[in-house]
Amino acid sequence: MQPKNPAPLLIIIASYDANGNGKNDYDPCHPELLNDKSSPIFGEQWALTKPWDCYDTFFGENGYSMMNYYKEMTAGKFWFYPVHIDNKKSESDPEGILEITVPIPHPAALRNLEGYDNKLAARKAIHDIVKACDPYIDFAKYDLNGDGIVTPDELAIMILNAGYDNASTKPDLVFSTVREENGPLPSHRYMVHGTSQTTDVDMRGGVKIVKVSNAGEMTSVGPMPIGTPAHELAHNLGAQDMYCRFTPPEQRVFGWPIPGPLSLMSRGNRMKHGTMPGYIDPYQRVYLGFSEMETIESDGIYTLCSTLSGKYKVLKITTPNPDEYILAEVRLKEGFEAALTEGNSKGGVIFWHIDESVNREWFMKAQCVSSNLPNGVRHDLGNAVRLRNMFEEIKDENGNFIKYGPYYTMDKAIADDPFFYKSDDPKTAIYDSSHYCGAATHSYSLNHFPEGVSCNWKLIVEVLDEPGAEMRIKITRG
């Protein structure tokens, strides 16, 4: 799904009124009632925030709002704006945000009741929350192609569940050792994970809502910032995860080279506590229609432009293997990416090794960068970032650098200065593909060399400029 126009967005602040009496029955003298399955208020949890508390975060015209994040990343091609509330609960309520209360326990509590598990509880909660919005919005008018389905590029929906977001909150074991029930407040014990969720909700006008985004309302540092919602909404537009999914702990590879903060779909959603997320990786910026790509088949000098220049474009550098190519882009520490890395680095050029033979099988399964073992064998990364100063160094007997090994020398962190650029040290300017190997193939330059192509083939790219809005690169193959 490739969005072609800005899309309306509905933010739902969802509260859970377990006994359905319309009021918050939490009793600070008896907090245990929230966790007692025989209690009529088991799983009751009411939101801490109000619509105006969230408006600037998502729709603010100034500052680091989610609307501005997507505008900046796509150079004005796409963003989310507040959907019109046709029947407001109060005239003073803002556009784009609804408070909804459903008469069921929080899904992290509901899953413990007979007849439910994690999936069924989440499905029930999401269905009921979306359905409860029907009186307030004419959803049928957003079915732009008349197929009876309101898709996320026609109208996006983000649910903020009362309480804390699991991935964004530090556990407090005073209350419970159960991961989904370890919230920092006795009145807000229950959490959800951020998800991109399929659903099937019949709305007025004969239309269905089939996909929504879902997260907690709060984090350890306050109301939910934009990082996780931006990540989950990107999923609903077609973006895929860029981290190790479905990899059991015993199969985990320390230092597996995922993009980290260099993709919203990896750890980029966490930058600056989620207030200044990193952009989506260039492969997916092109895939989603957010950016242009130019294919480079001849050696020579070419110019890359930064995102804030308004001329951002991804360069695709071909190789002898039609399935493998290098993407080059400029990433500067400015705008939403001002906190992209630690230290005083200004940014520079980043290179990505793309292998479409991997992506064809694993991209849509959200596993093109996972370190799992399908059929007992690891596959290589289909979207592999090539960073300076991040991979383990292989040296000769005299301690001289020869090439890089397949894994990062660090796992959750990222080097202060992983970029390529011209400087007083010539080594900062040269990307040499023969220094980098596949994490699974351990083959240098390419994962697979076509018949008749020497395994000594390599690509050298020299960055000719210091970090800036325009940076020239000199490409030499062979």
Side-chain angles (χ1 to χ4, degrees), residues 3 5-17 22-24 46-63 65-71 78-104 125-146 148-163 196-197 199-218 223-226 228-230 232-233 236-237:
N5 299 297
L9 169 64
L10 170 63
I11 302 292
I12 306 171
I13 303 173
S15 292
Y16 295 93
D17 180 16
K23 65 178 184 177
N24 188 349
W46 291 67
L48 297 170
T49 56
K50 296 292 183 182
W52 278 113
D53 298 328
C54 305
Y55 187 84
D56 283 344
T57 297
F58 293 99
F59 304 120
E61 302 255 346
N62 302 307
S65 70
M66 192 164 70
M67 183 170 71
N68 287 341
Y69 168 78
Y70 273 93
K71 281 185 178 181
F78 179 82
W79 64 88
F80 295 105
Y81 61 88
V83 69
H84 175 58
I85 310 296
D86 298 288
N87 301 302
K88 290 186 178 181
K89 294 183 176 183
S90 168
E91 284 302 316
S92 62
D93 286 347
E95 297 280 36
I97 306 175
L98 277 176
E99 287 183 281
I100 292 296
T101 303
V102 289
I104 60 173
I126 288 169
H127 175 279
D128 289 8
I129 290 164
V130 173
K131 185 64 177 177
C133 297
D134 205 15
Y136 306 103
I137 295 174
D138 179 8
F139 288 90
K141 67 184 178 184
Y142 297 100
D143 177 18
L144 301 182
N145 62 2
I149 296 173
V150 180
T151 54
D153 59 333
E154 294 173 323
L155 169 59
I157 299 175
M158 180 79 218
I159 300 172
L160 301 179
N161 296 267
S196 168
Q197 200 89 23
T199 188
D200 187 2
V201 189
D202 292 312
M203 312 298 273
R204 287 180 297 125
V207 297
K208 289 180 180 289
I209 303 297
V210 295
K211 203 159 193 180
V212 301
S213 297
N214 195 50
E217 166 210 15
M218 302 289 293
M224 174 60 73
I226 68 171
T228 295
E232 299 303 340
L233 287 165
N236 287 352
L237 296 173

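When a residue number appears, it is its place in the shown sequence, counting from 1. Since the structure is predicted, the reported quantities are computational estimates derived from the model, not experimental observations.
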Report the residues that fulfil salt bridge (Lys or Arg N to Asp or Glu O under 4.0 Å) with Asp143, sequence neighbours left out, ordered by chain and then residue number.
none

Can you name the residues that form a side chain to side chain contact (heavy atoms under 4.5 Å, CB included) with Ala7, not counting sequence neighbours?
Phe78, Phe80

Side chain proximity check, Leu10 to Ile137, heavy atoms < 4.5 angstrom
yes

Under a 3.5 Å cutoff, is there a donor and acceptor pairing between the side chains of Thr101 and Asp17?
no

Please say whether more than 12 non-hydrogen atoms of neighbouring residues, nucleotides or ligands are located less than 6.0 Å from CG in Asn145.
yes

Let's go through Leu237 and Asp153 carefully: what are the C-alpha distance in whole Å and the side-chain angles of both, what is the deciding distance for side-chain contact (heavy atoms from CB on, under 4.5 Å) to 0.1 Å, and is it a yes or a no?
CA-CA 6 Å; Leu237 296 173; Asp153 59 333; 4.1 Å; yes

Return all side-chain donor-acceptor pairs below 3.5 angstrom for residues 154-162, not counting sequence neighbours, or 'none' if the list is empty.
residue : atom : partner : partner atom : Å
Glu154  : OE1  : Thr151  : N            : 2.9
Glu154  : OE1  : Thr151  : OG1          : 3.1
Glu154  : OE2  : Leu144  : N            : 3.1
Asn161  : OD1  : Tyr16   : OH           : 2.5
Asn161  : ND2  : Asn214  : OD1          : 2.7
Asn161  : ND2  : Ala215  : O            : 2.8

If you round to the nearest 0.5 Å, how far is SG of Cys133 from CE of Met203?
6.0 Å

Can you see which heavy atom on Asp200 is nearest to which on His127, and at what distance?
O-CD2, 3.5 Å

Taking only residues two or more places apart in sequence, or in another chain, which ones meet Asn24 in a side-chain hydrogen bond (donor to acceptor under 3.5 Å, both in side chains)?
none

Kindly give the heavy-atom pair with the smallest separation between Tyr69 and Ala230, and that separation in Å.
CE2-CB, 4.2 Å

Would you say Leu98 and Lys88 make side-chain contact, with heavy atoms under 4.5 Å?
no

My understanding is that only residues two or more places apart in sequence, or in another chain, count here; which of them pass side chain to side chain contact (heavy atoms under 4.5 Å, CB included) with Lys89?
Asp93, Glu99, Ile100, Tyr136

Donor on one side chain, acceptor on other, Glu217 and Thr49, under 3.5 Å:
yes

Show the nearest heavy-atom pair for residues Lys211 and Pro152, with the distance to one decimal.
CB-CG, 3.9 Å

Nearest 0.5 Å, what's the CD1-OG1 distance between Ile97 and Thr57?
8.5 Å

Which residues pass the ring-ring contact (aromatic ring centres under 6.0 Å, His included) test with Phe58, sequence neighbours left out?
none

Applying ring-ring contact (aromatic ring centres under 6.0 Å, His included), name anything that partners Phe139, two or more places apart in sequence or on another chain.
none

Are side-chain heavy atoms of His84 and Pro8 found at a separation under 4.5 Å?
no

Contacts of Ser65 meeting side chain to side chain contact (heavy atoms under 4.5 Å, CB included) (sequence neighbours excluded), chain-then-number -> Met67, Asn68

Looking only at non-hydrogen atoms, find the nearest pair between Pro135 and Asn87 and report the distance.
O-ND2, 2.9 Å

Counting neighbours of NZ on Lys50 that are heavy atoms of other residues, nucleotides or ligands and sit closer than 6.0 Å, is the number greater than 12?
no

Can you sort out the partners of Asp134 under salt bridge (Lys or Arg N to Asp or Glu O under 4.0 Å), two or more places apart, ordered by chain and number?
Lys131, Arg204

Interatomic distance, OG@Ser213 vs CG@Leu9, rounded to 0.5 Å, equals 8.5 Å

For Asp128, the side-chain hydrogen bond (donor to acceptor under 3.5 Å, both in side chains) test, sequence neighbours excluded, returns Lys124

Between Gly96 and Ile85 the two heavy atoms that sit nearest each other are N-CG1, 3.7 Å

Minimum side-chain heavy-atom gap Gln197-Glu232 below 4.5 Å:
no

Listed partners of Asp86 passing salt bridge (Lys or Arg N to Asp or Glu O under 4.0 Å), at least two apart
Lys141

Could you work out, with ring-ring contact (aromatic ring centres under 6.0 Å, His included) as the rule, every residue matching Tyr55, not counting sequence neighbours?
Trp52, Phe59

